[in-house]
Each structure stands twice: as structure tokens, then as C-alpha cells.
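Naming convention: chains lettered A, B, ... in sequence-line order (proteins, then strands); numbering from 1 in each chain.
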There are 2 protein chains.
Amino acid sequence: MMAQGVRPDLLAALEDRGHRLTSPRRRVIDHLSEKLEGFSAEQVHEELPDVGRATIYRTIKLLVEAGVVCKLALPNGSPKYSLARFEHHHHTFCIRCGNVGEFRAATIERIIRALGTDIPGEILGHRIEFYICCEQCLEREEA
Amino acid sequence: MMAQGVRPDLLAALEDRGHRLTSPRRRVIDHLSEKLEGFSAEQVHEELPDVGRATIYRTIKLLVEAGVVCKLALPNGSPKYSLARFEHHHHTFCIRCGNVGEFRAATIERIIRALGTDIPGEILGHRIEFYICCEQCLEREEA
DNA sequence: CTCATTGCAAATGGTTTGCATTGGG
DNA sequence: CCCAATGCAAACCATTTGCAATGAG
């Protein structure tokens, strides 16, 4: 796993909204910047034991509000988060290892717009999730 | 709201799986049978005060496992449930009143199958949710 | 200097569980 | 009769909040 430095959009998310760049927040952002996969709030707390639990939850919430981190509600278990890579996208969730991925598909958006007639009321947003067995887990299975 | 009697599929869901048709369970099923819209477990508990909270949660869980009730995880707030009306379907969630609806769209399924190539790994399932302002709320707004 | 932010610990809230009692088959 | 199911209360667990202390700008 290669370090790529702090993600500038995470820092900007706080600065642009007038939040202070305190050292606990910087620690959280530095840590999340390395994340290539989905994570839970509690997991981040375990990985950064000397940042207060409340601060971790509060910082993640700020990042979600700013749109640079996505919150994924799962049918069971606590919510998973992931760094937003694309402007608008959907998620994949590996039911084996729990990793959250991201994908964008213009096709889907077009269909969904056409689908408006099937839906009673005004469509304000949508969410699409794919439950998958990811490539790594498939490989692991073959081995 | 017109009573339509107990939904036979809810009763069958318990019988077929070897669960007893006790009177608390029958109370829950009778009550849910009248539900035209989404509900939360806690809401059912309020509406049936003399059925133990634990029994309500346990019964709903049985019905979800049997596939006759759907569990809808929302990005915030507790899960909502709804009676399953179609074999395979997706949900609409009104962000004003919180009502959960159901719709089926064969088109979507076809597209999704074609989309497999965009997704790394094996697709095992999917979920689509629409966040809407439902017709009732739109009307209410106009008034 | 001042006020946003922190960190702890306590509170919260929905859900689950342990266990003695009950009642369906 | 017997074991599954109940109901209460306590336990759980992730998340939130109150509040005094702290530190960024």
C-alpha cells in the first residue's frame, strides 16, 4: 500500500466550511487519506486510540456533510464509510470481506430518469448498491 | 382504510418454517396485515402495548427471514419494514413522511445484468432505493 | 483573548438476551 | 406434558451529548 499524502479534498472540506484544522482532525484526515477501502467509525477509533471517540465521530460526520466521505447504510450492522472518489456514484459491498467499492455508470442514470413514470411522486434521489463477492475473495476461494 | 383480513402469506411464513402460531404472534401478524405503508419495529410496539417488545422484534425478524417482510436500511434513523408485495422489487422512501413504497421494474433488472462488466467481482444481489416526495405529500404541499 | 473544539464519561435509543413462567400442540 | 415461546428487565453496542478544560486563530 503506497502512501499518497493527505487528500486535499478532505482538508478543503473543513477549511471551506469554516471549521478549524485542529491536530485531532488532521490526525483523522491523515489516517482516512490512506484508506483504500470502506471503514466503520469504530474501526477508525481503534486505529487512532489517542483521538477521542467523540472527535472521530464528529469529524467523520463533518466529512460526510461536506460530501467527501460517503455513508453506506447496510441492512444489518453499523454503517460503513468510504472516501468519495467520483462526483456521483454507487457502491458495491463485498458480503465476504465487507469491503466497500465505488462505481459510476452513466447508463443507469439514464434508465432511472426514464423510469420516473413507474414511481408515484417526485424523485429526489436514488441509491443503488450491489452485493458482490469481490475479486480478492474470489481468488482466495480458488486457492 | 378497509380491513382485508389476515395476510395468508404472513401466517404461512411461520407455519411453513415450523414456528408455532401463538396468540402474541397472531396479534402481530393481524396488525401488520393492515399496514399499507412502511413501519418501524418501535412503532409496532407502541401500537400493540400488551405484546412484549421482545416478541415484536422476534416476530418481525422471523417474517423478514421468511421473506414476507422487507427490511429497509436508511442512511439515518432506525430500519423501516414493509410487507412484501412482489417477488423481487425495490423501495421508495418518502423523505417527507417516511412512507416506504415498493415498485418493480423489469427494465432495471435487464440493465443491471448488462452492467456486470463495470463491477469487479461476482454480483450476488443488488438494491435500489428511490428517495421521493410521495403523491400525498405533494398534494399536501399544494394545499 | 475567545470561542470552537476536545475528551471524558454519562446518556441515549434501538435492539437483543437471560431466565423463570406460560401455553400451544 | 414438554419444549417453544413469552415477557420482563437487564445487557448491549454504536452513537451522541453535557461540560469543564484546552488550544487555534
Side-chain angles (χ1 to χ4, degrees), chain A residues 6 10-32 38-66 69-82 93 98 100, chain B residues 6 10-32 38-66 69-82 93 98 100:
Chain A
V6 188
L10 299 192
L11 288 172
L14 294 191
E15 282 175 347
D16 294 355
R17 303 187 137 222
H19 299 296
R20 288 186 184 168
L21 266 162
T22 62
S23 88
R25 280 180 182 163
R26 215 182 301 250
R27 304 265 313 279
V28 173
I29 287 178
D30 283 5
H31 186 74
L32 294 190
F39 52 88
S40 67
E42 207 53 27
Q43 179 186 337
V44 176
H45 175 239
E46 281 162 23
E47 292 160 354
L48 295 175
D50 44 333
V51 176
R53 174 186 270 102
T55 300
I56 291 189
Y57 278 94
R58 289 190 271 234
T59 304
I60 292 177
K61 180 177 282 185
L62 288 178
L63 296 172
V64 170
E65 282 164 5
V69 163
C70 315
K71 184 176 185 175
L72 176 61
L74 299 169
N76 32 257
S78 40
K80 283 259 191 299
Y81 300 91
S82 67
F93 177 74
V100 177
Chain B
V6 188
L10 300 192
L11 288 171
L14 294 190
E15 282 174 347
D16 295 354
R17 305 188 135 224
H19 300 294
R20 289 186 183 168
L21 268 162
T22 62
S23 89
R25 281 181 182 163
R26 215 182 301 248
R27 305 264 314 281
V28 173
I29 287 177
D30 282 6
H31 187 74
L32 294 189
F39 51 89
S40 67
E42 208 53 28
Q43 179 186 337
V44 176
H45 174 238
E46 281 162 23
E47 291 160 356
L48 295 175
D50 45 332
V51 176
R53 173 187 271 103
T55 300
I56 292 191
Y57 279 94
R58 289 190 271 235
T59 304
I60 292 177
K61 180 178 281 187
L62 288 178
L63 296 172
V64 170
E65 282 163 4
V69 163
C70 314
K71 184 175 187 176
L72 176 61
L74 299 170
N76 34 258
S78 40
K80 283 260 189 302
Y81 300 90
S82 67
F93 177 75
V100 177

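The separation between B:Leu72 atom CG and C:dG14 atom C1' is 16 Å, rounded to whole Å. Between B:Arg17 atom CZ and D:dA4 atom P there is a gap of 17 Å when expressed in whole angstrom units. Whole-Å rounding puts the A:Lys71 NZ to D:dA14 P distance at 14 Å. The separation between B:Leu63 atom CG and D:dA5 atom P is 13 Å, rounded to whole Å. The distance from atom CZ of B:Arg26 to atom P of C:dG24 is 9 Å, rounded to the nearest whole Å. Straight-line distance from the CZ atom of B:Arg27 to the C1' atom of C:dG23: 15 Å, rounded to whole Å. Rounded to a whole Å, the OH atom of B:Tyr57 is 8 Å from the P atom of C:dT16. A:Glu15 places its CD atom 18 Å from the P atom of C:dA4, with the value rounded to the nearest Å.
At least one donor-acceptor pair under 3.5 Å links the side chain of A:Arg26 to the backbone N or O of A:Leu21. In this structure, A:Arg27 contributes its side chain and A:Val51 its backbone to no donor-acceptor pair below 3.5 Å.
Comparing the local axis fitted to the first five base pairs of the helix from C:dC1-D:dG25 to C:dG25-D:dC1 with the one fitted to its last five gives a bend of 30°, rounded to 10°.
Remark: A:Lys61 engages A:Glu65 in a side-chain contact (heavy atoms from CB on, under 4.5 Å) (not counting sequence neighbours).
Remark: the A:Arg58 side chain and the C:dG7 base include a donor-acceptor N/O pair separated by less than 3.5 Å.
Comparing B:Ala41 and B:Arg20, the nucleotide of DNA chain C nearest to each residue sits closer to the 5' end for B:Ala41. For the pair A:Gly18 and B:Pro79, both in contact range of DNA chain C, the more 5′-proximal nearest nucleotide belongs to A:Gly18.
Residue B:Arg17 holds its CZ atom at 10.0 Å from CG of B:Leu63, rounded to the nearest 0.5 Å. Of the inter-residue distances, the one linking A:Ile56 atom CD1 with A:Leu48 atom CG reads 5.0 Å to the nearest 0.5 angstrom. Expressed to the nearest 0.5 Å, how far OH of A:Tyr81 lies from OG of A:Ser40 amounts to 8.5 Å.
Of the side-chain N and O atoms in A:Lys61, one or more sit less than 4.0 angstrom from OP1 or OP2 of D:dT16. Phosphate proximity of C:dT5 to A:His19: present, with a side-chain N or O under 4.0 Å from OP1 or OP2. For D:dA5, one of the phosphate oxygens OP1 or OP2 lies less than 4.0 angstrom from a side-chain nitrogen or oxygen of B:Arg25. The phosphate of C:dG7 has neither OP1 nor OP2 within less than 4.0 Å of any side-chain N or O from A:Arg53. For C:dT5, the OP1/OP2 oxygens have no side-chain nitrogen or oxygen of A:Thr55 closer than 4.0 Å.
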Original post:
Do A:Val6 and A:Leu10 pass the side chain to side chain contact (heavy atoms under 4.5 Å, CB included) test, and can you show the C-alpha distance, the side-chain angles, and the key distance before you say yes or no?
Top reply: CA-CA 8 Å; A:Val6 188; A:Leu10 299 192; 5.6 Å; no
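The side chain of B:Pro24 sits closest to D:dG7 out of C:dG24, C:dT5, D:dG7. For A:Thr22, taking side-chain heavy atoms from C-beta onward, the closest of the listed nucleotides C:dT6, D:dA14, D:dG25 is C:dT6.
B:Tyr57 and B:Glu42 form a side-chain donor-acceptor contact under 3.5 Å, judged by distance and modelled atom types alone.
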